[in-house]
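Reminder, nothing fancy here: chain letters follow the sequence lines and each chain counts from 1. What you are looking at is a predicted structure, and each value in this text was computed from that prediction instead of being measured.
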Amino acid sequence: MGKNITLSFGGGMEILFNNTKEREIELPDSVVNIKDLIAYMKDELLQERPELFVLNDSVRPGIIVLINNADWEIEGGLEYELEDDDEITFISTLHGG
Amino acid sequence: MSSNTPRIKKPKKTCDICKSGKPVIKRPKTGQLVCKECFYFVFEEEIHQTIIQGNVFKENEKVAIGASGGKDSTVLAYVMNLLNKRHNYKLDLVLLSIDEGITGYRDDSLETVKRNARQYNLPLKIVSYKELYGWSMDEIVKEAGNKNNCTFCGVLRRQALDRGAVMLGAKHILTGHNADDIAETVLMNILRGDIPRLQRCTFITTGNDSMIKRSKPFKYTYEKEIVMYAHFKKLDYFSTECIYAPNAFRGNARVFLKDLEKVRSTAIMDIIYSGESYENQSNNNIPTSKVCERCGYMSSNKICKACVLLEGLNKGLPSLGIKKSKKARANPKVIKEGESKEIKVKNFQDLTKEENCKMEYVVEKSEKNNEMDIDENKKLMDSVNNMKRKLQNLD
């Protein structure tokens, strides 16, 4: 059984992912950590313009990732191992203000 | 791998400031892990310190907050409103928005600003390119094509904000420029060799000697923290890209800066510090400030850039001011009668406060409100003092 997690998007990221703010997904067993998740999202979920999401196997600089509503840098970043019911949030900082 | 696999639990991390809360952000400026409550506190109070040290405001000053509905200006409006009450700045705050006339973009973001006005109970004024210049951005793009939109829009916006402020009777505009923006500008000015701008771009307040001055309270505030603050506080902001400039935020300097930040997040502060430390010994490069002969707005040339661009549009020569003059003046488009959008742009020097300035949202002032404000101020001050005590005791 794969893990079920919630993905949420903000700051304009939602446009790249079917214009949904939030969605639940079941992960294949091969997806273990955030690095795998980003690759999986790029291949399976991304609607358009992958260069706006991924750069060198991570998110593009300027995209903030939250793991259960806390900065991913606290939780180990790319190496964080996903657990069932995790909520992962992607927010772009790159739009005007 | 199954979810039953035993995992080695790492020890729980605690907030580096209060030593008790669960950290939610790693501060890019200091590397500290900070909990939500402490994050709000340091975020707001650092902006307060920047304002106090920069001697930004006078008491009872009327101040217009440039509001686009985007993340920076939304957080700016929220935090300025909060600090004004908490620290008794006694500022008369107004939101000022520019309607460039971009269907499907600005009309939506203006709806956000209108909601913000109600949420924070701040008056809102909207001025449009159409009423000021006779042209909306949609019409300009139709005329001038897709290439130089941002030139038109940027030149016209600068003036529009100043004109709106005069109508409101405000002599001071706040913008949401953050530390990342300023570091980016420092880099660009170094690359361009633009010495006068390199000096000015790190000042917290500019235009002290002109009719309207501008300040940047977020001068030392990281973009990441602004976005996190807006996210945790669930502030209502607009984050769609402008339809005419889908790639505007992918400039080389910005990408370079974000890469630097990833390697060492203090780089942003360091670049601002470099910009601040730069001092130009000669005054050769500072253009004398003059006033445009046509519209009375500040200009380093006889005719300001906005007037040149508008002349081009009105005469069917939309590349005037963009290409070399000779090329731009060749083959003017014939303008049929009734087609001209030309209006007389009001002379900036003659503008005065409009007594019945048309507002998008007005705040009713009453005795009761005053009492509520005093009450609120007390509560806000108490919460800050509590927080300070809590942090001192723990040290």
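Shown here for V227(B) and S92(A), the closest heavy-atom pair between the two residues is CG1-O, 4.5 Å. The shortest heavy-atom contact between Y237(B) and I91(A) is OH-CG2, 4.0 Å. The nearest pair of heavy atoms linking P23(B) to A70(A) is O-CB, 3.9 Å. The two residues K258(B) and G62(A) have their closest heavy-atom pair at CD-CA, 3.8 Å.
With a threshold of 4.5 angstrom between heavy atoms, H231(B) approaches chain A through side-chain atoms but not through N, CA, C or O. For S30(A), no part lies near chain B; criterion is any non-hydrogen pair under 4.5 Å. Heavy atoms closer than 4.5 Å to chain B are found nowhere in I67(A), neither backbone nor side chain.
Counting heavy atoms of neighbouring residues, nucleotides and ligands inside a 6.0 Å radius, atom NZ of K233(B) exceeds 12 of them.
For a heavy-atom cut-off of 4.5 Å, chain A lies close to I25(B), K26(B), L33(B) in residues 25-34 of chain B.
Here the CD1 atom belonging to I15(A) is positioned 6.5 Å from the OG atom belonging to S239(B), to the nearest 0.5 angstrom. Here OG1 of T240(B) is found 7.5 Å from CD of E14(A). Values are rounded to the nearest 0.5 Å. To the nearest 0.5 Å, the span separating CE on M228(B) from OG1 on T93(A) amounts to 11.0 Å.
Residues meeting the salt bridge (charged side-chain N to carboxylate O under 4.0 Å, His left out) test with K224(B), sequence neighbours left out: D71(A), E73(A).
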